[in-house]
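We name chains A, B, ... by the order of the sequence lines, and we start the count at 1 in each one. It should be emphasised that the depicted structure is a prediction, and the values quoted were computed from it without experimental measurement.
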Amino acid sequence: MRLVLENVKKEYKDTLLFQNVQLRVPPGEMVALQGRSGVGKSTLLNLIAGLEKPTSGEIQVNGISLSGKSMHELSSIRGQEIGYIAQNSPMIPKLTALENAKVPLWLVKQTPDEEAAAVQRLLQFGDLLGVAHLFEKRIEKLSGGEAQRIGILRALVRNPGLIVADEPTSALDDESAEQVIASFHHIRSQGVTIIVATHSAQIAAKCDKRYRITPSGLVSIP
Amino acid sequence: MKVRKLLFKQTPYLNVLSGVAAILFCSLILAFIINLQKSNIETTAPDQFKEKNVYQISDKLYNGQEKLFFSNPDSFSILHQFGQKLRQSNKYDYYNAVWQPIELADFKIDPQFGPYYEFGKGLQIREFEGKPYATVASFQINAKVFEYNNIGLQEGHFFPSDAYFFEEDADIPILLGAAYKGIYQVGDHLELLHYTRHFNGVVTGILKPQQRIFTMNNPEAVLDRSVILPVRYFKEPPKNTEGIFVKASLYSHMNGTIITNLSPMELRDVLKPINVESNFEAYHIIGAESLPILALSKMTDTNRLLLFIASLTTGFMLAGLYLWTLSLLVKRNIPVYMVLLISGATMDSIQMLSSRRLMLTIGIASLFPAALLMIIVENPLYFLITYYVVVVIVVLLLAGMVKLMTKKLFRRLDLVQQLKG
Amino acid sequence: MDKTRFIFILQFICLLAGSAFWFISYLDQINMINNGYLNKDSLSFRTKGWEGELNKHTTNYILMQYDTISPNFKYVHVKGHVKLPPIDYISGMSTTGRTKYAIIGKMVRTTANIPKSYEIIGYFDTPHSYRLQFQTWLISKEASIDLTNGTSFDFSTPNGNARKVLDSLIDSEKVELIPRDQFGTYVLESNRMFPALLAASLFFLFIMKVMMIYMWIRKDNAVIKVLYLSGNTYWRIAGFLAQQKLLPYILGSGGLIILLFTFKFMNPLWDNVWLNKLMYFVIAGWLVLLIIIGFTIIKESVQKGGKRF
């Protein structure tokens, strides 16, 4: 899925966060966003995921412009096209890991085939992420890293074209982080675009491009 | 549906408590409706007397006058005709409530049922034809008394319309005051002496506790410890030779109460032709003291207003409080809303979750008191309709407020900011 | 801010409960006035011929003595601070400093039979109570019974168990209780049912209170966890929470009770049953708070340890 950002600007109550953000990500590419804490990485990801609206500028996801869309429409696009991975993936207590991963499926009507395909995807990525054996466990019993990986699984369950990940490996050890990277590479090969905000050099090194966010826009990092 | 189940699982104890509170809330709505309806009915009895004049007919036949009158062989016939014309007039309501003790055979009762118990006298017992009879408190009343007072039965039925005419050898239908419950029951046959004449009676009903009727001597004559008989009018003029029962009955038939809008002068004009036709004028028309009637009417009106205001205030307070607890429940489910948000649910649909859940909770909770109503009440339709109209209004109001509240809460909490950690 | 809000709402619940209890007592007082100033616990009796001095007792009461032939003419013995029916005092008159005085209803036709030692100081201001409007009360503080004034008695006390109090004044074998009918609004079914409805509302309020307390305590889950992980014992955490939650709650309740006591003095009812019941409601809240604190600490510290959920 193609992602395009043109002249994106974000202000909070007359405080400029960033402006002149330009970005073009072709399908299947993985891009890292870096920068010091508080610079606006999470905000930019939220703009792309339709959780917030830019002050000005254009964002296109798979050719669909997010400008002028209502929050309702943005939510719909997010549900269909985007998998969002939050920094500390919120989990629903008292549900199992599998049930937590399946929450996005509850919001849409699915045919039996689609449901079967989704379950297959969960099993496949569950193995890749090393959490398949935890599916029947209550989420409270999982460690922070295991829960984070379930959050990543949840983002993948509806087969999105774009993954927006905010510090996906911050709570993970090196081995688990490698598993996450491996799963990202797997979906990249299927044309899924990935944009990830990260402090991790490990992840950044595996990305096709790296950018630093500054108040005057994105600066490419060699 | 899955999402609702999931929300329930998050805070099961609170949700159960909330469900119990909803059932209680709906039960209170129903109970308040029934109670207000009761208080409306309670005002109808004293309201009937409001703005009406009440007069007592009181004969002048005592001492010499009595002797002179009854020396006429047609005296019984005259009294009968006078009484008949009095009650047949359509210019006023003729109300007969006679406090007259009767005597019961084979009684199973204690002294409190005696007519003079408050005066310190015990049960008066005498023998009649080899059987002991005890004097008990009793009223004889006509159909107008039932119309003017809200008399309620706990068992059995009221007097049939033909009970108000004297039939030789027919069983007298009897209503018993609530204090007789457990001593006699509906269907029991009693032997009684009324004005010293023997009759058989059958218990047709037992009154609810604390039923009362208006009488000239007592605006609130309580019937709990009384035996109630119908006033039995004679169809044909009785002969003078019929004895004390007939004489006493004729007196009680004519010394009734007139309830009317007519002024004293107007009433006299209305009664003039009756006097002429029956050839009888030896009576007083005594106006009743209006204060007790007015006080009773005002008292029940004030009671209804007080209960209405108290019910409404209580209802609002409880609804407000329930709303507040719902807002706290909404806050408890923030993690769930965050997951739904990032999974593609819209803010609107998340906000609607709370109001839909409220509607479902109250919808289900409302069934419990409704079911109880249908079991307990004989004709519940009116109450059911009123109840559900009120429940629907309350639910819509609460759901709207919950939605507004959730919107405000989400604006304040900024779920998206929370995702950033 | 959050703490203040919760304490406010909990005290508001107690205030609502207090209002409900007060209204039940207020309704009973209205019923009492409409019933000729006899409440549902009042006793009617005869003394089986006994007369003399009543035993000394500290309880407050009203004892009405009358003849059944003229029941509206009553000799009324008043002991202690007892609320009388509403009275429209004659200008310049009051009960202060008087040991004997008369109050009459506005419909009393003749005052010729009132002894000279009883000065009429006012009229019953009870437009809905036709019974009081026809009554003459000769009120005194003498605690003795003279049967020439009548052989029937009605006894009322605001201090709870009327029978117990009466037995302490007159030996029980000298007393013959007689059943008494109720009149006025006591008889109305709607009026009898309403206190039961308010009682159900009170139960609702209690459930709300439990829910509020539960949510208030649960808000501090993180605090409990942090304290536990920092090395504090169960009892230390309990002490901390008690200080943070229970103390302000008790202080808030105390303030509310003082407010209601002030209200009681300004607007006294026949009895203080409503205040006693409110105290139980408030104390029950304290106990619920303590219990929930106890369980929450166990759950959030010992049971969960350092786990996220």
* To do: Let me see the working for B/Leu296 and C/Phe183 under side chain to side chain contact (heavy atoms under 4.5 Å, CB included), right down to the final yes or no.
  => CA-CA 10 Å; B/Leu296 276 173; C/Phe183 299 95; over 6 Å; no
* To do: Provide the closest heavy-atom pair for B/Pro292 versus C/Tyr130 in the form atom of the first, atom of the second, distance.
  =>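 Residues B/Pro292 and C/Tyr130, closest heavy atoms: CA-CB, 3.6 Å.
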* Asked: Mind checking which of residues 30-48 of chain C sit less than 4.5 Å from chain B, heavy atom to heavy atom?
  ->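 Interface residues of residues 30-48 of chain C: C/Ile30, C/Asn34, C/Arg46.
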* Looking only at heavy atoms, which of residues 203-212 of chain C get nearer than 4.5 Å to chain B? ->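 Residues C/Phe203, C/Phe204, C/Leu205, C/Ile207, C/Met208, C/Val210, C/Met211, C/Met212 are the ones that qualify, each having a heavy atom under 4.5 Å from chain B.
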Non-hydrogen atoms of chain B under 4.5 Å away: do they reach the side chain of [X], the backbone, both or neither?
X	result
C/Ile178	both
C/Arg192	side chain
C/Ser152	side chain
C/Phe194	both

Can you find a heavy atom in the side chain of [X] that is under 4.5 Å from one in the side chain of [Y]?
X	Y	answer
B/Leu28	C/Ser201	yes
C/Met215	B/Lys331	no
B/Gln210	C/Tyr186	no

* salt bridge (charged side-chain N to carboxylate O under 4.0 Å, His left out) involving B/Glu155 - partner list, sequence neighbours excluded ->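 For B/Glu155, the residues satisfying salt bridge (charged side-chain N to carboxylate O under 4.0 Å, His left out) (neighbours in sequence not counted) are B/Lys181.
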* Nearest-0.5 Å distance, CD1 of residue C/Ile9 to CG of residue B/Leu321 ->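 Nearest 0.5 Å value for the CD1-CG distance: 5.5 Å.
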* Could you give the distance from CG (C/Leu198) to OG (B/Ser311), rounded to the nearest 0.5 Å? ->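 Here the rounded value is 8.0 Å.
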* Asked: Checking side-chain hydrogen bond (donor to acceptor under 3.5 Å, both in side chains) against C/Ser190, which of B/Gln37, B/Glu42, B/Lys38 comes through?
  ->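 Answer after filtering B/Gln37, B/Glu42, B/Lys38: B/Glu42.
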* Could I get the full list of side-chain hydrogen bond (donor to acceptor under 3.5 Å, both in side chains) partners for B/Asn333, not counting sequence neighbours? =>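 Listed in chain order: nothing, the list is empty.
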* Heavy-atom distance under 4.5 Å to chain C: side chain of B/Asn303, backbone, both or neither? ->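 Looking at B/Asn303, just its side chain touches chain C.
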* Between chain C and each of B/Ser297, B/Ala21, B/Ala179, count heavy-atom pairs under 4.5 Å; write down the option with the most. =>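 It is B/Ala21.
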* Before giving the answer on side chain to side chain contact (heavy atoms under 4.5 Å, CB included), spell out for B/Thr300 and C/Leu188 the whole-Å C-alpha distance, their side-chain angles and the decisive distance to 0.1 Å. => CA-CA 8 Å; B/Thr300 43; C/Leu188 299 174; 3.8 Å; yes
